[in-house]
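One structure below.
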Amino acid sequence: MSQALLFFILLTLVINQATLIKDESCDVQADSYADCTINAGVFGVCQSATLDLTNSDLVKSCSSVDLFWNYPVGNLTLTIGPSQHKPYTVYIDNEKLTPYFSHVYRIFNGQETDVTTIDQKLIQYSDSNNQIILKFQGPSTLFYYGVFIEYDIV
Ligand SMILES: *[C@@H]1O[C@H](CO)[C@@H](O)[C@H](O)[C@H]1NC(C)=O
């Protein structure tokens with residue numbers, strides 16, 4: 001390959017990378033590859049991704065959810081409910097989270113509370129609106145190709 005061509009390819013990659021980095025919050029594209037699974041990702045690099053599963057058909061009547069976040073970068077804010085009209089508790093498999101997320105925050109009335117734990121399960125109770133909003137803090141640059149966020153709803 002000629003030097004000029006190589007240089008051109010590298011330049012194109014750098015420009016693409018630069019235009020794809022977004023600072024504002026971006027909605028996650030979510031689809032399903034099996035019952036109660038979610039394949040989630042954003043186009044390009046987004047430092048602040050949001051996914052609202054309230055009333056989502058993808059997890060309707062699921063008591064156990066496997067969410068795969070593709071190319072995690074920055075923060076993912078996940079709204080788990082209300083999908084049911086009664087209080088519930090979420091048990092997240094924390095052993096799958098800890099290698100990848102430095103912190104997990106619970107968001108309540110716009111306020112963040114650090115709920116990071118080293119326990120096997122990260123346990124969260126729905127609030128008075130039957131809602132649980134969690135923010136997962138991933139690496140600031142691309143580090144690995146994906147992370148599983150697996151939780152049971154009881
Ligand atoms: C992710 O969220 C944490 C906690 O609010 C914040 O300190 C951090 O700056 C955020 N990271 C990005 C890349 O926005």
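Each ligand, and each atom within it, is numbered from 1 in the order the structure gives.
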Problem - Sidechain N-carboxylate O distance under 4.0 Å for Lys96, Glu150 - result: yes
Practice task
Tell me which protein heavy atom sits closest to atom 7 (O) of ligand 1, plus the residue, atom name and distance to 0.1 Å.
Solution key: Gln137 NE2, 4.4 Å
Problem - Those atoms of ligand 1 less than 4.0 Å from some heavy atom in Lys135 - result: 1 (C), 2 (O), 4 (C), 5 (O)
Handout entry: Protein residue, atom and distance nearest to atom 12 (C) of ligand 1, heavy-atom basis
Key = Asn75 ND2, 3.4 Å
Practice task
Evaluate the ring planes of Phe101 and Trp69, with Trp represented by its six-membered ring, and classify them as parallel (under 30°), tilted (30 to 60°) or perpendicular (over 60°).
Solution key: parallel
Exercise for the section: Take atom CG of Asn70 as the centre, draw a 6.0 Å sphere, and report whether it contains more than 12 heavy atoms from other residues, nucleotides or ligands. Expected result: yes
Handout entry: Residue Tyr105 vicinity, atoms of ligand 1 by number, heavy atom under 4.0 Å
Key = 4 (C)
Exercise for the section: Identify, for atom 13 (C) of ligand 1, the protein heavy atom at the shortest distance, and state residue, atom and that distance. Expected result: Gln47 OE1, 3.0 Å
Problem - Phe68: which of Phe148, Tyr100, Tyr33 passes ring-ring contact (aromatic ring centres under 6.0 Å, His included) - result: Phe148
Exercise for the section: Evaluate the side-chain proximity of Asn94 to Lys121: yes if any heavy-atom separation is below 4.5 Å, no if none is. Expected result: no
Exercise for the section: Check whether the ring centres of Tyr105 and His103 lie less than 6.0 Å apart, and answer yes or no. Expected result: yes
Fill in the blank from the handout: atom 5 (O) of ligand 1 sits nearest the protein heavy atom Glu112 OE1, 2.6 Å
Exercise for the section: Considering only protein heavy atoms, determine whether one is less than 4.0 Å from atom 9 (O) of ligand 1. Expected result: no
Fill in the blank from the handout: Under 4.0 Å between heavy atoms, the region of His103 that gets near ligand 1 turns out to be neither
